[in-house]
*Asks:* 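My questions all concern the structure below.
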2 protein chains.
Amino acid sequence: MTTPDGPAGAGARSSGADTRERILVEASRLLAMKGYGGTTTRDIAAAVGISQPSLFFHFSTKLALVEELYRYDLVPAVQGMENLVVGAGSAGAKLYAMISAEITRVIDSPYDMRAHISLEALDDPDLAAYRDLLNQFDDMTRLLIRTGQESGQFVPGDSWLALQMVAGFLARANLFAAGDEIDRLSHPEEAASLILRSLLAEPATLDAVRREAAELLPKYATAE
Amino acid sequence: MTTPDGPAGAGARSSGADTRERILVEASRLLAMKGYGGTTTRDIAAAVGISQPSLFFHFSTKLALVEELYRYDLVPAVQGMENLVVGAGSAGAKLYAMISAEITRVIDSPYDMRAHISLEALDDPDLAAYRDLLNQFDDMTRLLIRTGQESGQFVPGDSWLALQMVAGFLARANLFAAGDEIDRLSHPEEAASLILRSLLAEPATLDAVRREAAELLPKYATAE
DNA sequence: CAGCTAGCCTATCAAATGATAGATATACTG
DNA sequence: CAGTATATCTATCATTTGATAGGCTAGCTG
């Protein structure tokens, strides 16, 4: 892309921390589109408007860059989920709170979180910690589903299938959050309701679940 | 992997069509794990047990290889969906039939269809046709959802969100079909029921929808 | 103003990657 | 049995890619 402001010659300009941030933004966008292996450090640098080696002033390696993106996404998610799980409340309300909070987080994020639904880079041993976090998140989600089923709040069924529905929906929501359809996500509540309706044994209780979830939401936000 | 039979020297051995098939199988598995950019022709060749240049005897380019995988996945899917859409039947039954048929297809496929949920390679102009097919499939799915909503069979709501739930669920089902959890997909009917319960205005009609869908299923299978 | 540091650049490297060239051996065909 | 097509190999190439080395400049600090 054309150099933004035009620091063609050299010299210290943009605050530095600012450049670092722009790198993360552009990298997340490119990684989401072309994957880890398909995104080159030259692509990223060009999008930011700096030279390719300048990337390595801000990030030691390409992997360190995506590591930071994974951390930004996964650490608050697992934190929030843990806060929810250990607290009081029905499984349905917790699940509802988690879904709407996650979608809100995606909307508010400066980065394109689509980058993370591709598990491609997570195979690297250096990112094993984040692979673990992702598994933890899924495990807790599944626990919520199973708890709801055993309590009778949810219809009985395969908790694994239900997990794929929840996780798949969240992933797709991420997937298009950066696209033209971002306005669609303006109502996280509708997204959560859509999923809950599939699980609740008694659909009429959805409103009650929603009210209960509203009180749990602050717990999730305490994360970070 | 260790060379399967051991045609170390040279010469024509395995039927050729057989090698071609093994390439597709191994490539789909690797592409699913490491993405298009992350999977090298050497990786694929090693997994098959042939030399890297031998790959180019069977496929002119790396892209031609994945093109064939995309075709195998998308052409029958769009075909089946079209057959369903133009025929008679309620939107709910059509959606139910589509979901269970798609999951059946994933199970029966020799290839790892996870490769296709990564849109990475689809950015390439040479694969624009398959990008279009994917969009067509989503459009038709959304049409089914909207039709169901307008007829009153489904609860009203944002058809875009509902589409993300359906598509996301199918993608995740693919994602793990090749993993340890493949047995979970043994019951495509349960998967379809899970989604339909979220959409049906009257959950009690699920059994009726299921019976109606059973008659539509052959139409989908006529594809290919 | 001297000096240091942060931030960026150009030039360049070693390794990896997609693809080609040419040799070789097997199997079918007449 | 000679000849042709098939399928594979080794050797190699031109690019691309992640990363390093070293220089230049702006701005802060004393």
Side-chain angles (χ1 to χ4, degrees), chain A residues 1-24 26-27 30-31 34-69 120-121 123-127, chain B residues 1-24 26-27 30-31 34-68 120-121 123-124 126-127:
Chain A
M1 308 296 175
T2 66
T3 329
D5 28 16
R13 292 295 179 77
S14 15
S15 65
D18 187 61
T19 299
R20 190 186 153 87
E21 199 58 28
R22 287 216 318 274
I23 291 174
L24 287 169
E26 295 299 328
L30 288 167
L31 288 167
K34 325 200 327 174
Y36 181 77
T39 304
T40 72
T41 54
R42 283 168 180 80
D43 290 338
I44 300 171
V48 175
I50 60 178
S51 73
Q52 181 255 352
S54 291
L55 273 186
F56 295 91
F57 174 80
H58 298 276
F59 300 93
S60 61
T61 66
K62 182 187 178 188
L63 201 64
L65 204 173
V66 310
E67 180 180 331
E68 185 145 333
L69 288 173
E120 186 186 343
D123 277 338
D124 193 291
D126 288 359
L127 293 185
Chain B
M1 309 296 176
T2 65
T3 328
D5 27 15
R13 292 296 178 77
S14 15
S15 65
D18 186 61
T19 300
R20 192 186 151 86
E21 198 58 26
R22 286 215 319 275
I23 291 174
L24 287 169
E26 295 300 329
L30 288 167
L31 288 167
K34 325 199 330 174
Y36 181 76
T39 303
T40 71
T41 54
R42 282 169 180 79
D43 290 337
I44 301 171
V48 175
I50 60 179
S51 72
Q52 181 254 351
S54 291
L55 227 52
F56 294 93
F57 173 79
H58 298 277
F59 299 93
S60 60
T61 67
K62 183 186 176 188
L63 201 63
L65 206 173
V66 311
E67 179 179 331
E68 185 144 333
E120 186 186 343
D123 277 339
D124 194 291
D126 290 357
L127 294 185

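Only a predicted model underlies this, so the values are computations on that prediction, with no experimental measurement involved. Naming convention: chains lettered A, B, ... in sequence-line order (proteins, then strands); numbering from 1 in each chain.
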*Asks:* In whole angstrom, what separates B:D18's CG from D:dA7's C1'?
*Replies:*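 Taking atom C1' of D:dA7 as the reference, CG of B:D18 is at 13 Å.
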
*Asks:* List every contact pair, protein side and nucleotides 18-21 of chain C side both N or O, where the distance is under 3.5 Å.
*Replies:*
unit_1	atom_1	unit_2	atom_2	d
C:dG18	OP1	B:K62	NZ	2.9
C:dG18	OP2	B:T41	N	2.8
C:dG18	OP2	B:T41	OG1	2.9
C:dG18	N7	B:R42	NH1	3.1
C:dG18	O6	B:R42	NH2	3.1
C:dA19	OP2	B:K62	N	2.9
C:dA19	N7	B:Q52	NE2	2.9
C:dA19	N6	B:Q52	OE1	2.9

*Asks:* Looking at A:E68 and A:R20, is any side-chain nitrogen of the basic one under 4.0 Å from a carboxylate oxygen of the acidic one?
*Replies:* yes

*Asks:* Roughly, in whole Å, what's the span from CZ in A:F57 to P in D:dC24?
*Replies:*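 Taking CZ of A:F57 and P of D:dC24, I get 18 Å after rounding.
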
*Asks:* Please confirm whether the shortest side-chain N or O distance from A:S54 to OP1 or OP2 of C:dG7 is below 4.0 Å.
*Replies:* no

*Asks:* Pairs of donor and acceptor atoms involving the side chains of residues 44-57 of chain A, under 3.5 Å and at least two apart or interchain, shall be tabulated with distances.
*Replies:*
unit_1	atom_1	unit_2	atom_2	d
A:S51	OG	A:S54	OG	2.9
A:Q52	NE2	A:T41	OG1	3.1

*Asks:* In whole angstrom, what separates B:L30's CG from C:dT17's P?
*Replies:* 13 Å

*Asks:* Any idea which heavy atoms bring B:Y36 and B:L63 closest together, and the distance?
*Replies:* OH-CD1, 3.3 Å

*Asks:* Provide, to the nearest angstrom, the distance between the CD1 atom belonging to A:I23 and the C1' atom belonging to C:dA6.
*Replies:* 14 Å

*Asks:* Salt bridge between A:K34 and B:D123, side-chain N to carboxylate O under 4.0 Å?
*Replies:* no

*Asks:* Rounded to whole Å, how long is the line connecting atom CD of A:E67 with atom P of D:dG18?
*Replies:*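 Whole-Å distance recorded here is 17 Å.
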
*Asks:* Is there a side-chain polar atom (N or O) of A:H58 under 4.0 Å from OP1 or OP2 of C:dC8?
*Replies:* yes

*Asks:* Starting at atom CG of A:L65, determine the distance to atom P of D:dA19, rounded to an integer number of angstrom.
*Replies:*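 Nearest whole value for this atom pair: 10 Å.
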
*Asks:* Between atom CZ in A:F59 and atom C1' in C:dG7, what is the gap in whole Å?
*Replies:* 14 Å

*Asks:* How far apart are the closest heavy atoms of A:T39 and A:K62, and which atoms are they?
*Replies:*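 Closest pair (atom of A:T39, atom of A:K62, distance): O-NZ, 2.8 Å.
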
*Asks:* Taking all atoms of both residues into account, what is the closest heavy-atom pair of A:L65 and A:A27, and its distance?
*Replies:* CD2-CB, 3.6 Å

